[in-house]
Amino acid sequence: MFQMDLNSTPHATQLLLRLLAVAEQQQLDSRAAIAAGALFDISANAMRVALARLQAKGLIQSVERGCYRLGEKGQILSADVAAWRNAEQAMVQWDQSWLAVSLAGQSRRDRKTLRVQQRALALLGMCPWHSGLYLRPNNIQGAVTGLTARLKNLGLSEQAVLFRLSDLAAEQQQQVCHLWDSTALEQSYHQLMRGLQQATIQLKHGSLPDAARQSYVIGDAAIRQMIFDPMLPEPLLDVKLRQQCRQQLQDFDALGHEIWANFLVQCVGDRLTQQISNST
């Protein structure tokens with residue numbers, strides 16, 4: 001279900017990476033970054049430390065003193081996060097077969113590795129069926145070949161085996177179809193659309209700083225829901241309802257980008273005004 005906390009505080013590094021995707025010419029002024037952090041009560045020092053850490057990791061790079069843009073690693077990460085926008089185009093007609101991942105024989109003692117693998121599988125909408133066996137409908141372009149590479153990039157073990165599963169007995173097919181709670185998913189789409197509709201009205205009538213903060217919090221929660229959406233096919237789910245929900249989120253995301261672009265431009269303008277004032 002869609003949930004959001006308007007008082008939640010994003011991590012400084014997460015905020016910076018998102019801002020770089022909407023900043024004018026994909027470049028972010030450090031003072032604008034600090035002003036953005038202040039909207040969430042993130043200290044200036046914390047934002048400076050986050051900038052330094054992102055630069056050390058190669059996720060961002062310096063364009064000039066106090067100005068940054070995404071590095072090659074950051075561009076890859078940003079593109080992966082933004083992939084939800086085109087997820088519908090990657091769907092194909094379901095042939096009633098399944099994509100399966102087997103983790104059989106792998107140790108369950110390494111909790112950290114296990115969490116990474118389970119998150120990777122969840123991002124691909126895979127559900128556990130039997131011990132060590134995860135399934136999802138085979139309705140994604142690229143099927144085994146494409147998903148193998150993506151799952152490995154997300155942290156799935158090299159020992160994991162991905163394969164296509166078909167010709168299940170009728171009872172087993174019915175059992176697998178109920179691994180996902182389609183009713184709850186459809187309810188979450190309705191709830192999300194209502195929330196986005198109400199938020200859109202509020203953003204258009206609020207101050208620029210308030211609109212920037214709220215659009216980030218609401219958009220972040222909504223996008224997280226879509227990133228983990230299993231992208232089920234008909235007849236397991238009302239696909240048209242999901243597509244309608246995704247389109248509404250894209251519209252809200254576009255509004256959020258516009259709001260943040262205006263906020264960051266205002267921050268730079270305020271800085272220049274202050275510099276001119278100090279020099280006269």
Anything under 3.5 Å between a donor and an acceptor, one on a side chain of residues 60-78, the other on a protein residue two or more places apart or in another chain? List them.
residue, atom, partner, partner atom, Å
Ser62, OG, Glu64, O, 3.1
Gln75, NE2, Leu70, O, 3.4

Of all residues at least two apart in sequence or in a different chain, which pass the salt bridge (Lys or Arg N to Asp or Glu O under 4.0 Å) check with [X]?
| X | answer |
| --- | --- |
| Glu186 | none |
| Asp220 | Arg18, Arg224 |
| Arg48 | none |
| Arg85 | Asp253 |

Mind checking the [atom1]-[atom2] spacing from [X] to [Y]? Nearest 0.5 Å is all I need.
| X | Y | atom1 | atom2 | value |
| --- | --- | --- | --- | --- |
| Leu16 | Leu54 | CG | CG | 6.0 Å |
| His257 | Gln250 | NE2 | CD | 11.0 Å |
| Gln96 | Asn139 | CD | CG | 10.5 Å |
| Gln243 | Gln248 | CD | CD | 14.0 Å |
| Lys152 | Leu147 | NZ | CG | 11.5 Å |
| Phe263 | Ser215 | CZ | OG | 10.5 Å |

Could you tell me which residues satisfy side-chain hydrogen bond (donor to acceptor under 3.5 Å, both in side chains) with [X], sequence neighbours excluded, listed by chain and number?
| X | value |
| --- | --- |
| Asp210 | Ser207 |
| His11 | Thr13 |
| Gln247 | Asp251 |
| Ser97 | Asp95, Asn138, Arg164 |

Should [X] and [Y] be counted in the same cluster of Ile, Leu, Val, Met, Phe, Trp and Tyr side chains packed under 4.5 Å apart?
| X | Y | value |
| --- | --- | --- |
| Val92 | Leu165 | no |
| Val217 | Leu208 | yes |
| Leu162 | Val116 | no |
| Leu59 | Val49 | no |

Any idea which heavy atoms bring [X] and [Y] closest together, and the distance?
| X | Y | value |
| --- | --- | --- |
| Gly219 | Phe252 | N-CE2, 3.8 Å |
| Gly37 | Leu15 | CA-CD2, 4.0 Å |
| Pro128 | Leu179 | O-CD2, 3.8 Å |
| Val144 | Thr148 | O-OG1, 2.6 Å |
| Pro10 | Ile42 | O-CD1, 3.5 Å |
| Leu168 | Val176 | CD1-CG2, 4.0 Å |

Check your understanding: Should the heavy atoms of other residues, nucleotides or ligands under 6.0 Å from NE2 of His130 be counted, would the total exceed 12?
Key -> yes

Review point. Does the side-chain contact (heavy atoms from CB on, under 4.5 Å) test come out yes or no for Cys127 and Tyr134, once each step is laid out?
Key: CA-CA 5 Å; Cys127 279; Tyr134 293 75; 5.9 Å; no

Is the closest side-chain heavy-atom distance between [X] and [Y] below 4.5 Å?
| X | Y | value |
| --- | --- | --- |
| Gln244 | Met193 | yes |
| Leu135 | Leu99 | no |
| Cys267 | Arg31 | no |

Review point. Residues two or more places apart in sequence or in another chain: which of them pass ring pair (Phe, Tyr, Trp, His ring centres under 6.0 Å) with Trp94?
Key: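 Ring pair (Phe, Tyr, Trp, His ring centres under 6.0 Å) list for Trp94, sorted by chain: Trp98.
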
Is the side chain of [X] donor-acceptor paired with the backbone N or O of [Y] at a distance under 3.5 Å, no angle test?
| X | Y | answer |
| --- | --- | --- |
| Asn86 | Gln89 | no |
| Trp260 | Ala212 | yes |
| Gln117 | Ser157 | yes |

Practice item. Step by step, work out the side-chain contact (heavy atoms from CB on, under 4.5 Å) result for Leu249 and Trp84. Key: CA-CA 10 Å; Leu249 177 55; Trp84 68 269; 3.7 Å; yes

Exercise for review: Would you check, one step at a time, whether the test side-chain contact (heavy atoms from CB on, under 4.5 Å) holds for Leu103 with Leu133?
Suggested key: CA-CA 6 Å; Leu103 303 181; Leu133 181 63; over 6 Å; no

**Study point:** Criterion side-chain contact (heavy atoms from CB on, under 4.5 Å) on Leu185 and Leu237, from CA distance to verdict
**Key:** CA-CA 8 Å; Leu185 274 171; Leu237 185 101; 3.8 Å; yes

Study note, to complete from the structure: salt bridge (Lys or Arg N to Asp or Glu O under 4.0 Å) pairs touching residues 121-146, sequence neighbours excluded, are none

Give every donor-acceptor pair under 3.5 Å between a side-chain atom in residues 228-235 and any protein atom, sequence neighbours left out.
residue, atom, partner, partner atom, Å
Asp229, OD1, Tyr189, OH, 3.4
Asp229, OD1, Met231, N, 2.8
Asp229, OD2, Tyr189, OH, 2.5
Glu234, OE2, Val239, N, 3.1

